[in-house]
Amino acid sequence: METFRFDLCELPEETKGLREEVRAFLRDNLKGIPLVTRAQTWSGSDARFSAAMGAQGWIGMTWPKQYGGGERSFFERYVVLEEMLAAGAPVGAHWIADRQSGPLLLRFGNEEQRQFFLPKIATGTCFFCIGMSEPDSGSDLAATRTRADKVEGGYLVNGTKLWTSGAHHAHYMIGLFRTHYDPAKKHDGLTQFLVDLKTPGITIRPIRDLSGNAHFNEVIFEDVFVPENRLVGAEGTGWDQVRAELAFERSGPERYLSSFLLLVELIREVQKTGGTRAEEEIGRLVAHLVTLRQMSLSVAGMLNAGENPALEASVVKDLGALYEQELPVRAHELTGIEPTIGTGSDFQQVLGYLTQVTPSFSLRGGTREILRGIIARGLGLR
Amino acid sequence: MNELQTILHGTIHRLFGDFVDKNLIQKAEEGVWPEKLWAALEEAGMTRVLVPEEQGGAGGGWADAMILIKAAGEHKVPLPLAETILASAILAEAGIAVPEGVLTVLTGDLALDGKTVSGTAERTPWGRNADHGVAVLEQDGGRVAVLVLLKGSVIDEDVNLAREPRDEVTLQNADALVGGAVDPDRIGLLGALVRSGQMAGALSFLIRQSVEYANERTQFGKPIGKFQAIQQQLAILSTQAAAANLAASHAAAKADAGDALFEIAIAKVRADEAVSLATSIAHQVHGAIGFTYEHELHFATRRLWSWRAEFGSGSQWAGVLGRAVIARGPDALWPYVTAR
Ligand SMILES: Cc1cc2nc3c(=O)[nH]c(=O)nc-3n(C[C@H](O)[C@H](O)[C@H](O)COP(=O)(O)OP(=O)(O)OC[C@H]3O[C@@H](n4cnc5c(N)ncnc54)[C@H](O)[C@@H]3O)c2cc1C
C-alpha cells in the first residue's frame, strides 16, 4: 500500500527549450540584484519584473487563450516557476494572482469577471492578495467575522483582515466575508468577493514582521461598497471555493525552493573547509531537495491530468517546510558563522534573512498542525 | 503502470497475500526455508524479472523489479527475492546466462584464479540457501563479474537483526563462470537500490499497520486514532513513507536509463532517515503489544533497522552525494538536478 498517490513524473522533453529560454531571460533580468534581495524570491515584489514576465507569456501560462492565457501544460508552467525560484527572481508581485486568484476565477468566476481580470493578470500588471485571515480567525477560518451586508446593487463590507501579504502593492483582494450568520453552521454563509483596493473606506496598514520588513498588512473595511457583479460564484459558496484554492496554494515548488539560494551559498562556504561532516550534511540536504522536487512534480502531473491532488499537496508542503527550516540550522551548525543584516558576506546576509523568515513557512498557507490534521483525515483517522 | 507492471503488481501481492503470514515468518526465523513460497515465486517468473527474454526471463527493467522488491519489503517476506534479482541484474550486464535457483551476492576477500574462486565473503545474504553467488573480482587489472557455484562452500551461519541469514561463505577453488567487465562498486550500488526499495515497502506496511491499530485500539472511551497527538505522529510517518517510496521509484527509473548513482544514493539516504522516524512512531502508537514477539510489527521494524545499515548507511551515501555536489560546485547544483 502506498498511502498517497505520488506517481513518478518526468518533465516532458519539450520543456528543455523553455528552460533555456527562462535561463537566458534571468541572466538579463536579474543583473545587479543583490543576492540577499534575490533570496526573497516570491516574497520579493518588483512590478517591472512581473511585467517583463507577463510580456514573455509566463503568467497565466495554462489558462485558455481567450482570457490571455498561453494554453500551455502544467509542466511548462512548473519549469518556469522552478527556474524563477532557484534563481531568486522577484516574482512576488504577481505570484498570488497567477497561482491562486486566476485559477479561482477560471473555476468559479462568471464570464464577465474572467474577461475583465484574467487578461490583466496575464500581462503581469494586475496584482492580487488573499483576504482570509482575521484577528480572531486564523486556523479556524470558518470563524470569519468581516461582514458583507446586502444593499442596493451590491454589498457593504465591515471588518478587518489581517496578515494580508502584499495588500500594499496589490490592486485587488479576493476577500472571504460573511454574508449570513448561523452559529450552528459556521461554514455556511461565507462568500468570496473581488475587492478593488482603491474603493473608499479601505485602510491598508503595513505590519512590520520580525525582520523589520513589511510584507503583510492589516486591511480595515469601513462601509466599503462592493458591487454585486464582484461576488464570486453564489452567496454561501465561499467555504468550498477556499478549500479548492488551498490545493493551488499548497502544491507549488515554492514550498521547497524558497531557500534554495541558502543551500547554494552554504555549499560555496563549506567548499572552502571541506570535511566529512559537511559532505554528509550537504548530501542529506540535496537528497531532501531532489525528493521534494520529485514529489512536487508528481503533484504537477496530477494537476496536468485534471485531478485534485489536495492531499498530496499538503504532504509536499509539510515536508518542504521541515526541509527549509532545517537549512539555516544546518548552515549554522556547519559553519558557525554569524548571520547578519546589511553587512558581511552574501552567505551571512542570506543566512540572516532566512533564519528570520523560515518560522513563517510552517504557518502561512495552513499551519503544520492543520496540514497534518488534513493528512490524518486522508489516512482515515478522522 | 504499464501492462507488465500491472501484472507483476497483481501477481506478487496475491502470492505474498496467500503465503506470507506470521507463522511463515516466524518459522523462517527459526531456520525453516519457505520452500513452497519460493517455488511459487519461481514458477510465476518473479525471480527472473530482469533476465533477458532469450533466457526465458521477463526482460523487464528496474522500474518493474522495484514493484516486486517493494512488495517483498511490505509483506516482510523471509526470502532472498531482492538478492536473486540483484544478482541476476549483474549477470545480465556481464553477459552471463542467469542460472535457475537462489542467487546471492558475494563481497569480501575473494580472488579469481582462472576459472575458480577462493576466499571468504562476509555477511552474505542468504548464503546458506543460495545455489550461486555473484561477485565482482579483479582480472588482469580490471573488474569482471563472476558466477560462483556455492555447493561445497563452507558456511559459518550468522543473521541480521531480523534473523535473515547473513553468512560467512568460504570458498576454496569453487567453480566459476567469468563474464564481462563491470564497475567495481556495482554490487554495492545496486544493493543500495534494492534495499531502498525493500525499506520503502516495509515503511508502507508500518503506516498501514499503525493506522489500522490506531483505529482499533480504544482508550479513554475512544479509538486512540481520534487523539490529535496520535494523528500528528501518524501524519509524519505517512509523509516519510511517501518520500521514501517516491525516491526508490525515481532511483529505479534512473537505473534503467543509465548512470543512477545520484538517485540511488538519494534513495538510500531518504529511506534511512524515514526509517529512524517511522519505526519509532510505529512502536509508540502500538504501545506495549507492539513490543512483544507475538505482534507482527517487529518483523518490519527489525528488518528496517538492519537494512538501513546494509549496502551503505544513509550517512555513507550522503557523504558520497555531498562530495560529488561540492566537487561540482555550488553553481552547478541546479543545472545538474534539472538535467538528470
Ligand atoms: C508571513 C505570513 C504571511 C501570511 N499571508 C497571509 C495572506 O496573504 N492572507 C491570509 O489570509 N493570511 C495570511 N497569513 C496568515 C496565515 O494563514 C495564518 O497565520 C495561519 O492560518 C494561522 O493562523 P494564526 O496565525 O491565527 O494562528 P492560530 O490559528 O492561532 O494558531 C496558533 C498555533 O495553534 C495551532 N492550532 C490552531 N488550531 C489548531 C488545531 N485545531 N489543532 C492543533 N493545533 C492548532 C496552530 O497550528 C499554531 O501552531 C500569513 C501568515 C504569515 C506568517
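Residue numbers start from 1 in every chain, and the chains themselves are labelled A, B, ... in the order their sequence lines are given, proteins ahead of strands. Source: prediction; values computed, not measured. Note: hydrogens, waters and symmetry copies are ignored here, and every other heavy atom, side chains too, is used.
- Scanning both residues, B:Leu246 and A:Phe6, for their nearest heavy atoms gives CD1-O, 3.2 Å.
- Within the 4.5 angstrom heavy-atom criterion, only side-chain atoms of A:Arg23, from C-beta onward, approach chain B.
- The distance from the SG atom of A:Cys9 to the NE2 atom of B:His250 is 10.5 Å, given to the nearest 0.5 Å.
- The structure places CD of B:Gln233 at 12.0 Å from CG of A:Leu381, a figure rounded to the nearest 0.5 Å.
- Within the 4.5 Å cutoff, the side chain of A:Arg268 has heavy atoms near those of the B:Asp331 side chain.
- Nearest heavy atoms, B:Ala247 versus A:Thr291: CB-OG1, 3.9 Å.
- The environment of CZ in A:Arg382 is crowded: more than 12 heavy-atom neighbours from other residues, nucleotides or ligands sit within 6.0 Å.
- Of the listed residues B:Val337, B:Val325, B:Thr239, the one with more heavy-atom pairs under 4.5 angstrom with chain A than any other is B:Thr239.
- When side chains are defined from C-beta on, B:Ile266 does not count as touching A:His288, because their heavy atoms never get closer than 4.5 Å.
- Note that CG of A:Asp318 and CD1 of B:Ile236 are 7.5 Å apart. Values are rounded to the nearest 0.5 Å.
- If you tally non-hydrogen atom pairs under 4.5 Å between each of A:Val315, A:Val316, A:Leu8 and chain B, the highest count goes to A:Leu8.
- In terms of heavy-atom proximity, B:Leu321 sits nearest to A:Gly283 at CD1-O, 3.3 Å.
- Between B:Ser238 and A:Arg372, the side chains place no donor N or O within less than 3.5 Å of an acceptor N or O (distance only, hydrogens not considered).
- Side-chain atoms of B:Asn215 come within 3.5 Å of backbone atoms of A:Gly380 as a donor-acceptor pair (strictly under, hydrogens ignored).
- If you measure heavy-atom distances from A:Leu297 to chain B, you find no contacts under 4.5 Å at all.
- One distance of note links CZ of B:Arg208 with CG of A:Leu379; it measures 13.0 Å at 0.5 Å rounding.
- Other residues, nucleotides and ligands place more than 12 heavy atoms under 6.0 Å from the NE2 atom of B:His295.
- Within the 4.5 Å cutoff, the side chain of B:Pro330 has heavy atoms near those of the A:Gln271 side chain.
- With chain B as the partner, the residue from A:Val286, A:Leu266, A:Val270, A:Thr276 showing the most heavy-atom pairs under 4.5 Å is A:Val286.
- Side chains of B:Glu273 and A:Arg284 form a contact here, defined as non-hydrogen atoms less than 4.5 Å apart.
- Chosen from B:Gly329, B:Ala235, B:Ala200, the residue pairing most often with chain A at heavy-atom distances under 4.5 Å is B:Ala235.
- The shortest side-chain heavy-atom distance between B:Glu263 and A:Val290 does not fall under the 4.5 Å cut-off.
- Each of A:Glu281, A:Glu10, A:Lys16, A:Arg277 has some count of heavy-atom pairs under 4.5 Å with chain B, and the biggest count is that of A:Glu10.
- Looking at A:Leu263, the atoms closer than 4.5 Å to chain B (heavy atoms on both sides) all sit in the side chain, from C-beta outward.
- Contact count versus chain A (heavy atoms, under 4.5 Å) is highest, among B:Ser315, B:Gly225, B:Ala339, for B:Ser315.
- In this structure, chain A has a heavy atom under 4.5 Å from the side chain of B:Val269, while its backbone stays farther away.
- Counting only N and O atoms by type, the side chains of A:Glu82 and B:Trp334 include no donor and acceptor under 3.5 Å apart.
- Interface residue A:Glu369: backbone and side-chain heavy atoms are both found under 4.5 Å from chain B.
- The distance from atom CG of B:Leu333 to atom CD1 of A:Ile282, rounded to the nearest 0.5 Å, is 9.0 Å.
- Put simply, of A:Asp7, A:Val264, A:Leu289, the one with the most heavy-atom pairs under 4.5 Å next to chain B is A:Val264.
- With a threshold of 4.5 angstrom between heavy atoms, A:Arg377 does not approach chain B through any atom at all.
- Distance alone, capped at 3.5 Å, places no donor-acceptor pair between the A:Glu279 side chain and the B:Gly322 backbone.
- When heavy atoms are compared at a cutoff of 4.5 Å, A:Leu319 approaches chain B solely by way of its side chain, counted from C-beta outward.
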